[in-house]
Amino acid sequence: MNNGEFVSYFKEEFFIPKLKSKKKKAVLEELIQPLVNKKLIKSQKLVFETLLNRETLGSTGIGKQVAIPHCRTLAIPEICIVVGVSEVGIEFNASDGKDVQLFFLILGPPLDESNQYLPILGKLCERLRKKTFKDKLVKAESYEKFIKLLAKG
Amino acid sequence: MRSQVELLVLYQDILLMLDEAKHEDKCMGIEVEGVEKLKKALEEVAKDIQQRYIRMFERLKTRYSHPLVPVQEDTCLGCFSKLPTSYHERGRNDEGIFTCENCGRLLYWIE
Ligand SMILES: [Zn+2]
C-alpha cells in the first residue's frame, strides 16, 4: 500500500482535535459518534460492544501514548478511520502504562473486498512506534498538517 | 435488549477476532493475552442465542467462512441476489432471522 492510498482512508470529518472524554469506555463512544452521525453505523451499541470485546483480548494502547482501537464487524459497510486527540491523556490500560493522547479508531467489514484492513493496521502500528512521531502529530495545528505528517511517516 | 440477529453479529465478530488474534500478536506486535477471556465472552453471547440459530450458523460455517452476511440495497452481499420485498421492512428493523433464498446465508441489514 502506497502513501496516497493509505491517507485516502482518513477524512477531516472523522477527525476530533479535542476529545472531551476522560475514560476508556467514554472515549470509544466518542470516537464512534461521527460515524453514527454520518449514518455509516446502524447500531452504535453493537460496534461499541465489539470494540470492548477487542479490548478484552488485550489493550489496543500500543504504547508511546497511542491507541489503535480496532475491530472487524458486520455492522460497518466499509473501512472507516476516526482520529481523536486528547490534550490531557486518557487511561487506556496501555502496554507501557502511560495515558493515551492519540487515538486511531479503525473499523472494517469482515468481508473486506479490497483487503486493506490489515495493511492499514500494520502500517499505522509501524509508524506510530517511532519515538517522536506521536508528539509531532499531536502538535499539528491543522488537519492538513496532520495528514501531511502522517503521509510522510 | 439485543435482538437475535444482533447477537449473531456479535458471535461472528468474536469468532473472527479470535481467528485474527495470532496475526495481530505476531505481525503487528500488539500483545494479545486475553484469548481465554474472549472465549468466555463468546460463550456468554452464545447463551443468549436460540439453539436453532446457533445450529444454523454452525451448519453454514462448514460451507462459508462468513455464515452471516450484510444486506445492502436489499441485496444479499454473500451472493448478490435481490431479496424478496416482503423481507425488507422487517429485516431493516431486525425483526426475526432471515436467510437468503439463493445461498442460504443468514442476513443482517446494515442500513
Ligand atoms: Zn445470498
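Given the structure is predicted, the values throughout are model-derived calculations rather than measurements. Chain identifiers are assigned alphabetically (A, B, ...) following the order of the sequence lines, protein sequences preceding nucleic acid strands; residue numbering begins at 1 within each chain. Below, all heavy atoms of this structure are taken into account, side chains as well, without hydrogens, waters or symmetry copies.
If you measure heavy-atom distances from B:Val32 to chain A, the contacts under 4.5 Å come from both the backbone and the side chain. Interface remark: A:Ile68 contributes no atoms to any contact with chain B (heavy atom separation under 4.5 Å). For a residue to count as touching a neighbouring chain, one of its non-hydrogen atoms must lie under 4.5 Å from one of that chain's; by this rule B:Leu16 touches chain A with the side chain only. For B:Val69, the parts sitting under 4.5 Å from any heavy atom of chain A are the backbone and the side chain alike. Neither the backbone nor the side chain of B:Leu7 comes within contact range of chain A, judged by heavy atoms closer than 4.5 Å.
Interface with chain B: from residues 136-146 of chain A, no residue qualifies, criterion being any non-hydrogen pair under 4.5 Å. Contacts from residues 3-14 of chain A to chain B, taken as heavy-atom pairs separated by less than 4.5 Å, involve no residues at all.
In the hydrophobic clustering, where aliphatic and aromatic side chains (Ile, Leu, Val, Met, Phe, Trp, Tyr) are joined below 4.5 Å either directly or transitively, B:Phe80 groups with B:Leu77.
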Write out all chain A-chain B donor-acceptor pairs shorter than 3.5 Å, or none if the list is empty.
{"residue": "A:Lys42", "atom": "NZ", "partner": "B:Arg92", "partner atom": "O", "Å": "3.0"}
{"residue": "A:Lys42", "atom": "NZ", "partner": "B:Asp94", "partner atom": "OD1", "Å": "2.9"}
{"residue": "A:Lys42", "atom": "NZ", "partner": "B:Trp109", "partner atom": "O", "Å": "2.8"}
{"residue": "A:Ser43", "atom": "OG", "partner": "B:Glu6", "partner atom": "OE2", "Å": "3.4"}
{"residue": "A:Glu49", "atom": "OE1", "partner": "B:Arg2", "partner atom": "NH1", "Å": "3.1"}
{"residue": "A:Glu49", "atom": "OE2", "partner": "B:Arg2", "partner atom": "NH1", "Å": "2.3"}
{"residue": "A:Arg54", "atom": "NE", "partner": "B:Glu24", "partner atom": "OE1", "Å": "3.2"}
{"residue": "A:Arg54", "atom": "NH2", "partner": "B:Glu24", "partner atom": "OE1", "Å": "2.5"}
{"residue": "A:Leu57", "atom": "O", "partner": "B:Glu33", "partner atom": "N", "Å": "3.0"}
{"residue": "A:Leu57", "atom": "O", "partner": "B:Gly34", "partner atom": "N", "Å": "2.8"}
{"residue": "A:His70", "atom": "NE2", "partner": "B:Glu24", "partner atom": "OE1", "Å": "3.1"}
{"residue": "A:His70", "atom": "NE2", "partner": "B:Glu24", "partner atom": "OE2", "Å": "2.8"}
{"residue": "A:Arg72", "atom": "NE", "partner": "B:Glu20", "partner atom": "OE1", "Å": "3.2"}
{"residue": "A:Arg72", "atom": "NE", "partner": "B:Glu20", "partner atom": "OE2", "Å": "2.9"}
{"residue": "A:Arg72", "atom": "NH2", "partner": "B:Glu20", "partner atom": "OE2", "Å": "2.8"}
{"residue": "A:Thr73", "atom": "OG1", "partner": "B:Asp13", "partner atom": "OD2", "Å": "2.7"}
{"residue": "A:Leu74", "atom": "N", "partner": "B:Asp13", "partner atom": "OD1", "Å": "3.2"}
{"residue": "A:Arg129", "atom": "NH1", "partner": "B:Met28", "partner atom": "O", "Å": "2.9"}
{"residue": "A:Arg129", "atom": "NH2", "partner": "B:Met28", "partner atom": "O", "Å": "3.2"}
{"residue": "A:Arg129", "atom": "NH2", "partner": "B:Gly29", "partner atom": "O", "Å": "3.1"}

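Side-chain contact between B:Leu10 and A:Leu46 is present, with at least one heavy-atom pair separated by less than 4.5 Å.
Chain B forms more heavy-atom pairs under 4.5 Å with one residue of A:Gly122, A:Pro110, A:Gly58 than with any other, namely A:Pro110. Across A:Leu124, A:Leu40, A:Leu118, the residue that shares the most heavy-atom pairs under 4.5 angstrom with chain B is A:Leu118.
Residue B:Ile30 holds its CD1 atom at 7.0 Å from CD1 of A:Ile62, rounded to the nearest 0.5 Å.
Using a 4.5 Å cut-off between side-chain heavy atoms of Ile, Leu, Val, Met, Phe, Trp and Tyr, with links allowed through other members, A:Ile41 and A:Leu74 fall into different hydrophobic clusters. Linking ILVMFWY side-chain heavy atoms closer than 4.5 Å, directly or via other members, places A:Phe103 and A:Leu51 in a single hydrophobic cluster.
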